[in-house]
Asks: 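Pasting in a structure now, in structure tokens, and then I'll have a few things to ask.
Because only heavy atoms are used, hydrogens play no part in the values below, and waters and symmetry mates are left out as well, while side chains stay in. Throughout, protein chains are lettered first and strands after them, A, B, ... in sequence-line order, and every chain is numbered starting at 1.
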Amino acid sequence: MTTLYAILLYVATLIFVLGLAYRIYEYASVPAPLKIPTMPAPLTRSGVVLRILSEVVLFQSLFRSNKWIWLFGVMFHLALWVVLLRHLRYFIEPVWTWVVLVQPFGKYASFFLFIGLVGLLTRRIVVERIRYISNPSDYLMLILLLVIGSSGMMMTFVKHTDIVQFKAFILSVVHLKLFHWQPLPLNAPLLIHLAAVITLMIIFPFSKLLHAPGVFFSPTRNQVDNSREQRHVARWAIEKFETSSR
Amino acid sequence: MAKANFATPAFRPYPLIPALQADVMKGNGPFVAKPEIQKPLGYPGELLDNWQEVALAKMGELLKKYRSLRVFLDACVKCGACTDKCHYLLGTADPKNMPVARQDLLRQVYRRYFTLGGKLFPKLVGAQDLTKEVLDDWYNYYHQCSQCRRCSVFCPYGIDTAEISMAAREIMACVGKGQKYCNEIIGKVYKIGNNLGLPEPALRDTLAGLEEDIKLDTDVDVRLPLDEAGAEILVVTPSADFFAEPHIDGLVGYAKVFHQAGISWTLSSHASEAANFGMFIGSYDNMRRIALRIREAALDLKVKRIVFGECGHAWRVAYSFLNTLAGPFDFLDQRYPIPQHICEFTYDLIQRGALKLDKSANDHRRMTFHDSCNVARASRMGNIPGGQFIIPRAIIKATCNYYYDMPADTIHDQTFCCGGGGGLLTDDLMELRVKGALPRMEALKYVVDNHGVTHMAAICAICKSQFTKVLPFYGFQLDQIVSIHQLVSDAIILK
Ligand code: SF4
Ligand code: SF4
């Protein structure tokens, strides 16, 4: 088990990091040949940064559009961040003070995470319009996240796992102690939890989870409204039309 | 009024999201362009034998050229926030008119051929082979999108279905399935200079006639010059302004404003059209070719400034793309915005007290204003964000005593499309146009019932044409739609 999970963790991390880096490179290298910000758009770079922050942190457009999706969406994403921060303690030694302070919040954030996900899944099943646009993968993704959330909660609140031993395992993986890994505690919720996380990491660069990097590259949100002041010609357009004068 | 073989949607007490009715708008789409229309634009005459191969190659090319397409096809999480935002969904109840479902028509093919998930597990991720049925759905439903961008306002990632529609139309044109209305119009621009195919002598005649009319009306010699080299300002306006109602009253308004300001101006027979239908079909090449005429006209006539007339789509291309496509405009007077909108020009004069306006001349009108999509969500006026909402209203309020806005969630950047934008202003799509107008008509009904509004002003040639046609379907009069500069024209006191 220990060997299998350790290897899977490496593979998943590799796929996750390289895959994501490649996608980001791809988004960054495809030109945006025309100015298409959705108006009213900011007139300066710093205005654009604010606009994107308000989307990423507050989900501003989603708030304008649908309060229910916004509520569940914010619950899920915010809680996910807190929970992720809490998990830092498995990866570092000694544990930073602020990570210690986050612990109780992280524990209870998992409830919000769970409720948020259940809300999103319920909407997807109950609301006709959203059911219409859903593919199997859209449900599976939510279910996968629910599995991660609930198995994690199991370990925290029901069937405790040997945290000390688990941390030893993780640290041995992080420190690349190849084939000398500390044994992984054989605890069903933990194994399920880890397997689901590994799956999520592997599908990340190939799925709609790309919305995470994508939002920063969306031309309707990240462009400055200055098309009258500055020309904005893509390289392919220059190359294609450079011979024509006037 | 056009013969209706479909039911005009009924007003609802509270605008609701309709229950979905699958495939009610499934059809053949607008007329397909004939070879003689396709060829001059650089497209194949009819559907190619190897159309699938060509379509996929084109899609691959566009994915490398347009970041919008690449990011938008990947980033959608199917959250559904956009599903109830499209006026065509609200008016027709066809689920494929939900913006995300419209995108999915292209996305399912993208997934199948360009993503690992779609290649390995097509069923799981909703990937589809590019079949004839898919192509037919593309043609039908990408011509049920007016590229109004309302959905992009509400999407958490700013996914803009207009960009997807444009890409889809470009792909279809490249395999020989172009849309007749748009492509015919682009052909006319190349051949004659404007969308309506008005040749220079006819244009000259019309303008002379208008000069006479104004003289009779006001006893003042107001000029409408054509091709006058050395004028200060080149005015580029939609060709509908030369003959259609109520557009033409707007043109008279511009002439009076220039007259009053004492600034020389001219129209150009070479660039006698402001609208750029290259945008509707997603063609950078055609859009650029059309835009270049304006540069040529400005150079030939040796003008110092360029001002655009009342047209939303024209203004989007002018504001956002003209500099990019046809710039740099270093030969123009840099102290003014390049290009400038006629509303910015008039607003500036009003601010400086340079126009004498008698508001009571419009007392028989109780006004509301329709924000045209492309002005509201895709361009700006003035020097602050949102100037495009402020300036037109300020002009109306300076020329009319009675002004009432439609409900807040139907104006500004949340405005509803007239139902005829994006190259859908064609008679073969009458049913779609009428149904798509429903949300705007409901908002209008609200101010008519609550504030006694009698007229709606608009600054887009397409909106004006569309409303004159669809208002009667909803029990309004076709002349309840007016140009903003028509209000100026009626209120202005000429020297
Ligand atoms: S751009 Fe406008 S017409 Fe097209 S899908 Fe979006 S809301 Fe509907
Ligand atoms: S709002 Fe955006 S992310 Fe949500 S379903 Fe619509 S297009 Fe997709």
Asks: Under a 4.5 Å heavy-atom cut-off, does chain A meet the side chain of B/Lys78, its backbone, both or neither?
Replies: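 Both parts, backbone and side chain.
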Asks: Between the main-chain N or O of B/Phe321 and the side-chain N or O of A/Ser227, is there a donor-acceptor pair closer than 3.5 Å?
Replies: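 Not a single qualifying donor-acceptor pair exists.
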Asks: Considering only heavy atoms, which portion of B/Ile338 lies under 4.5 Å from any heavy atom of chain A: side chain, backbone, both, or neither?
Replies: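 It is the backbone, since no side chain atom gets that close.
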Asks: For B/Phe154 and A/Asn66, what are the C-alpha separation, side-chain angles and deciding distance, and is it a side-chain contact (heavy atoms from CB on, under 4.5 Å)?
Replies: CA-CA 9 Å; B/Phe154 296 98; A/Asn66 188 309; over 6 Å; no
Asks: Name, in order of residue number, those residues of residues 37-47 of chain A that have a heavy atom at a distance of less than 4.5 Å from a heavy atom in chain B; otherwise write 'none'.
Replies: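 Listed by number, the contacting residues are A/Pro37, A/Thr38, A/Met39, A/Pro40, A/Ala41, A/Leu43.
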Asks: Which distance, rounded to the nearest 0.5 Å, do you find between the CZ of B/Arg111 and the OG of A/Ser207?
Replies: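 The CZ atom of B/Arg111 sits 8.5 Å away from the OG atom of A/Ser207.
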Asks: Given that the side chain runs from C-beta out, which part of B/Asn383 has a heavy atom under 4.5 Å from chain A: side chain, backbone, both or neither?
Replies: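 Interface part for B/Asn383: backbone (N, CA, C, O).
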Asks: Before giving the answer on salt bridge (charged side-chain N to carboxylate O under 4.0 Å, His left out), spell out for A/Arg228 and B/Glu344 the whole-Å C-alpha distance, their side-chain angles and the decisive distance to 0.1 Å.
Replies: CA-CA 14 Å; A/Arg228 279 196 287 194; B/Glu344 290 178 309; 2.8 Å; yes
Asks: Any chance OH of A/Tyr10 has more than 12 other-residue heavy atoms, nucleotides or ligands included, within less than 6.0 Å?
Replies: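 Counting other residues, nucleotides and ligands, OH of A/Tyr10 exceeds 12 neighbours.
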Asks: Can you say whether B/Ala376 sits under 4.5 Å from chain A via the side chain, the backbone, both, or neither, judging by heavy atoms?
Replies: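 When you check distances to chain A, only backbone atoms of B/Ala376 fall under 4.5 Å.
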Asks: At a heavy-atom distance under 4.5 Å, which candidate from B/Ala101, B/Gly117, B/Pro328 has the highest pair count against chain A?
Replies: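 Greatest number of close heavy-atom pairs with chain A: B/Pro328.
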Asks: Name the option with the most non-hydrogen atom pairs under 4.5 Å to chain A; the candidates are B/Leu89, B/Val153, B/Val100, B/Leu322.
Replies: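 Option with the greatest count: B/Val153.
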Asks: Given a strict heavy-atom distance threshold of 4.5 Å, which part of B/Ile17 is in contact with chain A: side chain, backbone, both, or neither?
Replies: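 Only the side chain of B/Ile17 comes within 4.5 Å of chain A.
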Asks: Check each atom of B/Phe72 against the heavy atoms of chain A and say whether the ones under 4.5 Å are side chain, backbone, both or neither.
Replies: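 It is the side chain, since no backbone atom gets that close.
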Asks: Can you tell which of B/Lys64, B/Gln414, B/Lys65 has the highest number of heavy-atom pairs within less than 4.5 Å of chain A?
Replies: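 Heavy-atom pair counts peak at B/Lys65.
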Asks: Please look at A/Glu55 and chain B and tell me whether the side chain, the backbone, both or neither of the residue comes under 4.5 angstrom of a heavy atom of that chain.
Replies: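 When you check distances to chain B, only side chain atoms of A/Glu55 fall under 4.5 Å.
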Asks: Name the region of A/Asp138, side chain, backbone, both or neither, that has any atom closer than 4.5 Å to a heavy atom of chain B.
Replies: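 When you check distances to chain B, only side chain atoms of A/Asp138 fall under 4.5 Å.
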Asks: Can you tell me which portion of A/Arg64 sits under 4.5 Å from chain B's heavy atoms? Options are side chain, backbone, both or neither.
Replies: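 Both parts, backbone and side chain.
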Asks: Kindly check if the number of other-residue, nucleotide or ligand heavy atoms within 6.0 Å of CZ (A/Phe111) is above 12?
Replies: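 Yes, the 6.0 Å shell around CZ holds more than 12 heavy atoms from other groups.
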Asks: Which one, B/Leu325, B/Thr83, B/Asp160, leads in non-hydrogen pairs under 4.5 Å with chain A?
Replies: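 When all of B/Leu325, B/Thr83, B/Asp160 are compared, B/Thr83 has the most.
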Asks: Hey, which of B/Gly80, B/Ala19, B/Pro95 has the most heavy atom pairs under 4.5 Å with chain A?
Replies: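 Sorted descending by pairs with chain A, the first entry is B/Pro95.
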Asks: Rounded to the nearest 0.5 Å, what separation is found between the CZ atom of A/Arg221 and the OG atom of B/Ser152?
Replies: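 The distance works out to 6.0 Å.
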Asks: Quick one: does any side-chain atom of A/Thr220 pair with a main-chain N or O of B/Gly158 as donor and acceptor, under 3.5 Å?
Replies: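 Yes, because the side chain of A/Thr220 sits within donor-acceptor range (under 3.5 Å) of the backbone of B/Gly158.
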Asks: Can you see which heavy atom on A/Ala28 is nearest to which on B/Arg67, and at what distance?
Replies: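 Closest approach of A/Ala28 to B/Arg67: O-NH2, 3.0 Å.
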Asks: Please identify, among A/Leu62, A/Leu120, A/Ile69, A/Ile36, the residue contributing the most non-hydrogen atom pairs under 4.5 Å to chain B.
Replies: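 Most heavy-atom pairs within the cutoff with chain B belong to A/Ile36.
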Asks: Considering only heavy atoms, which portion of B/Ala81 lies under 4.5 Å from any heavy atom of chain A: side chain, backbone, both, or neither?
Replies: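 Interface part for B/Ala81: both.
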Asks: Looking at chain B, which one of A/Pro33, A/Pro219, A/Gly214 has the largest number of heavy-atom pairs inside 4.5 Å, strictly under?
Replies: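 Option with the top pair count is A/Pro33.
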Asks: Which region of B/Tyr284, side chain (C-beta onward) or backbone (N, CA, C, O), has a non-hydrogen atom less than 4.5 Å from a non-hydrogen atom of chain A, or is it both or neither?
Replies: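 It is the side chain, since no backbone atom gets that close.
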Asks: What part of A/Arg235 gets closer than 4.5 Å to chain B, counting heavy atoms only: side chain, backbone, both or neither?
Replies: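 No part of it gets close to chain B.
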Asks: Under 4.5 Å heavy-atom distance to chain B, tell me which part of A/Ile133 shows up: side chain, backbone, both or neither.
Replies: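 Answer is both: backbone and side chain atoms of A/Ile133 are under 4.5 Å from chain B.
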Asks: Would you compute the distance between atom CG of A/Asp225 and atom OH of B/Tyr319 and round it to the nearest 0.5 angstrom?
Replies: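 A/Asp225 CG to B/Tyr319 OH: 3.0 Å, rounded to 0.5 Å.
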Asks: Would you name the heavy atoms of B/Pro156 and A/Val215 that are closest together and state the gap between them?
Replies: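 Looking at all heavy atoms of both residues, the closest pair is O-CG2, 4.1 Å.
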Asks: What part of B/Glu163 gets within 4.5 angstrom of chain A, counting heavy atoms only: side chain, backbone, both, or neither?
Replies: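 When you check distances to chain A, only side chain atoms of B/Glu163 fall under 4.5 Å.
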Asks: Considering only heavy atoms, which portion of B/Cys76 lies under 4.5 Å from any heavy atom of chain A: side chain, backbone, both, or neither?
Replies: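 Backbone only.
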Asks: Crowded around B/Lys58 NZ? As in, over 12 foreign heavy atoms under 6.0 Å?
Replies: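 Counting neighbours around NZ of B/Lys58, more than 12 heavy atoms of other residues, nucleotides or ligands fall under 6.0 Å, so yes.
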Asks: Which atoms of A/Gln230 come close to chain B, meaning under 4.5 Å heavy atom to heavy atom: side chain ones, backbone ones, both, or neither?
Replies: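 The backbone, not the side chain.
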Asks: Below 4.5 Å from any heavy atom of chain A, which atoms of B/Met279 appear? Answer side chain, backbone, both or neither.
Replies: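 Contact with chain A is absent: no heavy atom of B/Met279 under 4.5 Å.
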Asks: Assess whether atom OH of A/Tyr108 is packed by more than 12 heavy atoms of other residues, nucleotides or ligands within 6.0 Å.
Replies: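 Not buried by this count: 12 neighbours or fewer within 6.0 Å.
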Asks: Given the rule in the side-chain contact (heavy atoms from CB on, under 4.5 Å) test, do A/Leu140 and B/Leu124 qualify, once you have shown the distances and angles that lead to the verdict?
Replies: CA-CA 9 Å; A/Leu140 288 177; B/Leu124 191 70; 3.4 Å; yes
Asks: What distance separates B/Gln334 CD from A/Glu229 CD, expressed to the nearest 0.5 Å?
Replies: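 One finds 11.0 Å between CD of B/Gln334 and CD of A/Glu229.
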Asks: What part of A/Leu209 is in contact with chain B, defined as an atom under 4.5 angstrom from a non-hydrogen atom: side chain, backbone, both or neither?
Replies: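 Neither part, no heavy atoms under 4.5 Å.
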Asks: Check each of A/Lys208, A/Arg23, A/His211 against B/Asp74 using the side chain to side chain contact (heavy atoms under 4.5 Å, CB included) test, and report the only one that passes.
Replies: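 That would be A/Arg23; it is the only one of A/Lys208, A/Arg23, A/His211 passing the side chain to side chain contact (heavy atoms under 4.5 Å, CB included) with B/Asp74.
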Asks: For the residue pair A/Tyr132 and B/Asp104, confirm or rule out a side-chain donor-acceptor distance under 3.5 Å.
Replies: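 There is no such pair between these side chains.
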Asks: Below 4.5 Å from any heavy atom of chain A, which atoms of B/Thr115 appear? Answer side chain, backbone, both or neither.
Replies: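 Contact with chain A is absent: no heavy atom of B/Thr115 under 4.5 Å.
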Asks: From A/Gln223 CD over to B/Ser68 OG, what is the distance, rounded to the nearest 0.5 angstrom?
Replies: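 Between atom CD of A/Gln223 and atom OG of B/Ser68 there are 8.5 Å.
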Asks: Step by step, would you call A/Met141 with B/Val77 a side-chain contact (heavy atoms from CB on, under 4.5 Å)?
Replies: CA-CA 10 Å; A/Met141 199 81 76; B/Val77 294; over 6 Å; no
Asks: Would you compute the distance between atom CZ of A/Phe206 and atom NZ of B/Lys119 and round it to the nearest 0.5 angstrom?
Replies: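 If I round to the nearest 0.5 Å, the distance is 11.0 Å.
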Asks: For the candidates A/Arg129, A/Glu128, A/Arg124, A/His232, which exhibits the highest count of non-hydrogen atom pairs separated by less than 4.5 Å from chain B?
Replies: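 Looking at each option in turn, the highest pair count goes to A/Arg129.
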Asks: Give me the atom names and distance for the closest heavy-atom approach of A/Arg231 to B/Asn323.
Replies: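 That closest heavy-atom pairing would be NE-O, 2.7 Å.
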Asks: Between A/Tyr27 and B/Arg70, is the side-chain contact (heavy atoms from CB on, under 4.5 Å) condition met? List the steps.
Replies: CA-CA 7 Å; A/Tyr27 292 155; B/Arg70 173 119 250 170; 3.7 Å; yes
Asks: Does atom CZ of A/Phe105 have more than 12 heavy-atom neighbours, drawn from other residues, nucleotides or ligands, at distances under 6.0 Å?
Replies: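 Check fails, neighbour count at 12 or below.
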Asks: Counting only heavy atoms closer than 4.5 Å, note whether A/Ala212 contacts chain B via side chain, backbone, both or neither.
Replies: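 Answer is neither: A/Ala212 stays 4.5 Å or more from chain B.
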Asks: If you count heavy atoms of other groups shown closer than 6.0 angstrom to CZ of A/Phe112, is the number above 12?
Replies: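 No, not enclosed.
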